[in-house]
Peer 1: 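My structure is below; once you've seen it, I'll send some questions.
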There are 2 protein chains.
Amino acid sequence: MSTPVYRTHRVTMEDVARHAGVSKASVSRFIGEGRGLLTEAIAERIENAIGALGYRPNQMARALKRGRTRLLGMLVADIRNPYSIAVMHGVETACRQHGYSLVVSNTDRDPEQERRQLAALRSYNVEGLIVNTLGQHVEQLRQLQHELPIVLVDRKVEGLGSDLVGLANAHAVGQALDHLAERGYRDLVLVSEPILGTSSRRERAQAFEQWLAGHANIRGQLMETGADLGHRLGAWHAAAMGPGAVFCANGLAALAATLALRELGVRLFDDIGLVALDDLQWYPLVGTGITALAQPTQAIGEQAFQCLLQRLQGERCPPRDLSLEAQLIIRGSTPDRT
Amino acid sequence: MSTPVYRTHRVTMEDVARHAGVSKASVSRFIGEGRGLLTEAIAERIENAIGALGYRPNQMARALKRGRTRLLGMLVADIRNPYSIAVMHGVETACRQHGYSLVVSNTDRDPEQERRQLAALRSYNVEGLIVNTLGQHVEQLRQLQHELPIVLVDRKVEGLGSDLVGLANAHAVGQALDHLAERGYRDLVLVSEPILGTSSRRERAQAFEQWLAGHANIRGQLMETGADLGHRLGAWHAAAMGPGAVFCANGLAALAATLALRELGVRLFDDIGLVALDDLQWYPLVGTGITALAQPTQAIGEQAFQCLLQRLQGERCPPRDLSLEAQLIIRGSTPDRT
DNA sequence: AGGTTTGCTGAAACCGTTTTCAGTCGCCGC
DNA sequence: GCGGCGACTGAAAACGGTTTCAGCAAACCT
């Protein structure tokens, strides 16, 4: 099979017009709004010409003239984080249903990439932006916001004043901790990725502290993932007062914590309980299954899209803060210790 | 904080030109190739004007004239498949490094969506296309191929004659089965998602059959995922001759099989061995860890991008078939039974 | 000095659409 | 029989860039 040669000249509106013996204007009307204006005879000629030539309008040119690209941008800090993927799936589905396409940019957590990718998305005239990153470059974001609507996902950016879609973190943390308390756990660790600068992590940590403040009989501490997580967990476990449990603030923390615990040689879930925020497909497979708080990721993605859509349609309301609720899914990792 | 009002008029090249007291042409040269042509004095004036006005060129307009959008499209059958994500990450990284942006479309395995998303990507004048789908609509793909380079990932499409990047399936299957044989397993099951229509699955199944044909002392059968996978696995296990093992043809099959085995009540890995193609983060966590064949997904993504890039730069060679090799990672799920 | 070359610059055309605006035509009422 | 009115249609001007081409100095030859 031979290498194809790329056709240089795509068939254009002018070609169709010529072939049908009408003006470009009529063709434009045919493929756009003004179809009702056209005579039956002309419409038919155009239709045939389009069919014969295989014409497809060029969105770029169309966008240039109309100022509507029907393109949305999504900036993601870590495309390999299952949470991001799940949200992205929600966004993408909603986009598809409304005739938008999605340009995805991954920053790999690099602030410099964040800056460049934002500039790139802007230069493609995306109509709106979904942002799930560190939110360095607040100034850049603020400028961008003068040109197009932005909605943040999961992570707040201070002083930006745009819509936010995320989890009701305090409530979710409460659900998890109440569950642990009820099952008789008395010494807790919150394992989180580095908290600094990520609003959702901070909120979860704060909710953890506050909940502890209201439960004098239960001890708790905070632990960030990192090199010697195993050691630290070991030390904690050795000194635990009463049944202990680990609460993982997200999927990656759950992975790290579970690996660490396993290397520690504890009997998972018999010696130490575990709850994870985010519900990943493999949770049922680890030991007797990991109890989880499922985030409504699909809904989060859809809501984010809806926010954008409403802003694009001219809705002028103060910045919203949509917090969705998590669902507790009880599995074997939190056996009753009472 | 009040709702921002979107600025209607973005600053344009004409604005810069006026502000600097030069022509559009000079500004164009400044931001493009012809910078060397400009006098120091003029360049400086333009630079200042750009800075003062915060000008950013409009890629759409630029693309319209030059015919280069610097946009690549990627069509994915299932965006939630970890394999797809991993490849996509590789592609995205390569794109970023070369100044391209990526438009991602997910078909959710729906042929109709496949058709529409292809049309959409085309209409945005993506310069090239990375396709990882069922490949219905061969005709549409073939037409598209006259306009832009296409590279297939993982899944062949018959009669298309475009580059393909994927796994050396036969070799990978061989590695897995040799490993199992060596460890003393004598009755094997290949668990795969429905094979029909997906070339990589077919190849893996064929390699399985062939390998069996060459190993008379080992029995084997093929099983597709589906409603009663548990039952079927149970029946197989009950009638197994010698130590049995399950070989999962991809990540989703591994998930399904492991869940099924667990519900069957067998002692995982003591009663039945397990090897999975694809290496997922959570494999170490299941029981004593799942032995896996890791696909070089990052490399696959990068190679796919490179293929496209070379074609875009005018390289004319017959369709390539890049098969990368998998790496066997031995964990606890394949204990020695000899 | 006069004719050439060289080196920058700007005017204008163009990319493929949409949209405005000025026709053209048939048909109505008077 | 003619002005007026709708209903369609097409020419042309955008949109925001790039690129061609001509112009015009200054510098370079004899």
Side-chain angles (χ1 to χ4, degrees), chain A residues 7-47 49-50 53-71 120 122-127 147, chain B residues 7-47 49-50 53-71 120 122-127 147:
Chain A
R7 206 191 297 154
T8 60
H9 181 66
R10 275 180 51 163
V11 33
T12 173
M13 183 177 252
E14 181 123 35
D15 300 333
V16 176
R18 199 172 17 244
H19 189 275
V22 301
S23 70
K24 287 194 302 176
S26 293
V27 179
S28 174
R29 290 193 259 262
F30 181 84
I31 64 173
E33 310 291 284
R35 194 167 192 154
L37 295 175
L38 299 179
T39 299
E40 189 56 39
I42 291 235
E44 194 174 337
R45 295 226 306 274
I46 296 178
E47 185 153 27
I50 288 182
L53 270 46
Y55 168 70
R56 295 276 132 195
N58 179 336
Q59 285 290 353
M60 290 288 177
R62 178 177 268 200
L64 179 58
K65 183 62 185 161
R66 292 215 291 203
R68 299 197 52 192
T69 54
R70 296 226 164 245
L71 231 38
R122 183 188 125 129
S123 77
Y124 283 114
N125 289 15
V126 297
E127 292 182 32
E147 304 182 356
Chain B
R7 206 191 297 155
T8 59
H9 181 65
R10 276 181 50 165
V11 33
T12 172
M13 181 178 261
E14 183 123 33
D15 300 334
V16 176
R18 198 168 21 241
H19 189 274
V22 300
S23 70
K24 284 197 305 176
S26 293
V27 180
S28 174
R29 290 194 259 262
F30 181 84
I31 64 174
E33 310 292 283
R35 194 167 193 154
L37 296 175
L38 299 180
T39 298
E40 190 57 39
I42 291 236
E44 194 175 338
R45 295 225 306 274
I46 296 179
E47 185 153 28
I50 288 182
L53 271 45
Y55 168 70
R56 294 277 131 194
N58 179 337
Q59 285 290 354
M60 292 287 179
R62 176 177 273 202
L64 180 57
K65 180 64 181 162
R66 292 216 289 202
R68 299 197 52 191
T69 54
R70 296 225 162 248
L71 231 37
R122 183 187 125 129
S123 77
Y124 283 113
N125 288 17
V126 296
E127 292 182 33
E147 304 183 356

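Convention: sequence-line order gives letters A, B, ...; per-chain numbering from 1. Side-chain atoms are counted along with the backbone in the values below, which use heavy atoms only and exclude waters and symmetry mates.
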Peer 1: Taking CZ from Arg66(A) and C1' from dA14(D), how many angstroms apart are they, rounded to a whole number?
Peer 2: 15 Å
Peer 1: Below 3.5 Å between N/O atoms, which protein atoms pair up with nucleotides 22-28 of chain C? Just atom names and distances, please.
Peer 2:
none

Peer 1: What is the distance, rounded to the nearest whole Å, between atom OH of Tyr124(A) and atom C1' of dG17(D)?
Peer 2: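 The distance from OH of Tyr124(A) to C1' of dG17(D) comes to 14 Å, rounded to the nearest Å.
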Peer 1: At 4.0 Å (heavy atoms only), tell me whether Ser26(B) reaches a base, stays on the sugar-phosphate, or touches nothing.
Peer 2: sugar-phosphate
Peer 1: May I ask you to decide if Gly21(A)'s main-chain N or O and Arg45(A)'s side chain share a donor-acceptor pair within less than 3.5 Å?
Peer 2: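 Indeed, once roles are kept as given, a pair shorter than 3.5 Å links the two residues.
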Peer 1: Starting at atom CG of Asn58(B), determine the distance to atom C1' of dA14(D), rounded to an integer number of angstrom.
Peer 2: 14 Å
Peer 1: Look at Thr12(A) and dT17(C) and indicate whether a side-chain polar atom (N or O) is within less than 4.0 Å of OP1 or OP2.
Peer 2: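 Looking at the OP1 and OP2 atoms of dT17(C), one of them is under 4.0 Å from a side-chain N or O of Thr12(A).
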Peer 1: Provide, to the nearest angstrom, the distance between the NZ atom belonging to Lys24(B) and the C1' atom belonging to dT9(C).
Peer 2: 15 Å
Peer 1: Listed by chain and number, what are the side chain to side chain contact (heavy atoms under 4.5 Å, CB included) partners of Thr12(B), not counting sequence neighbours?
Peer 2: His9(B), Glu14(B), Asp15(B)
Peer 1: What is the separation between atom CG on Leu64(B) and atom P on dA13(C), rounded to the nearest whole Å?
Peer 2: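 Atom CG in Leu64(B) sits about 18 Å away from atom P in dA13(C).
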Peer 1: Using a 4.0 Å heavy-atom cut-off, does Tyr55(B) contact any base of the nucleic acid, only the sugar-phosphate backbone, or nothing at all?
Peer 2: sugar-phosphate
Peer 1: From CE of Met13(B) over to P of dC15(D), roughly how many Å is that when rounded to an integer?
Peer 2: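 It is 15 Å, rounded to the nearest whole Å.
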Peer 1: Which string of ( ) [ ] | and . matches DNA chain C, if you list each base 5' to 3' and count Watson-Crick or G-U pairs only when both distances are under 3.5 Å?
Peer 2: ||||||||||||||||||||||||||||||
Peer 1: Looking across every strand, which nucleic acid part, if any, lies under 4.0 Å from Val22(B) by heavy atom: base, sugar-phosphate, or nothing?
Peer 2: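 Since only primed, P, OP1 and OP2 atoms lie under 4.0 Å of Val22(B), the category is sugar-phosphate.
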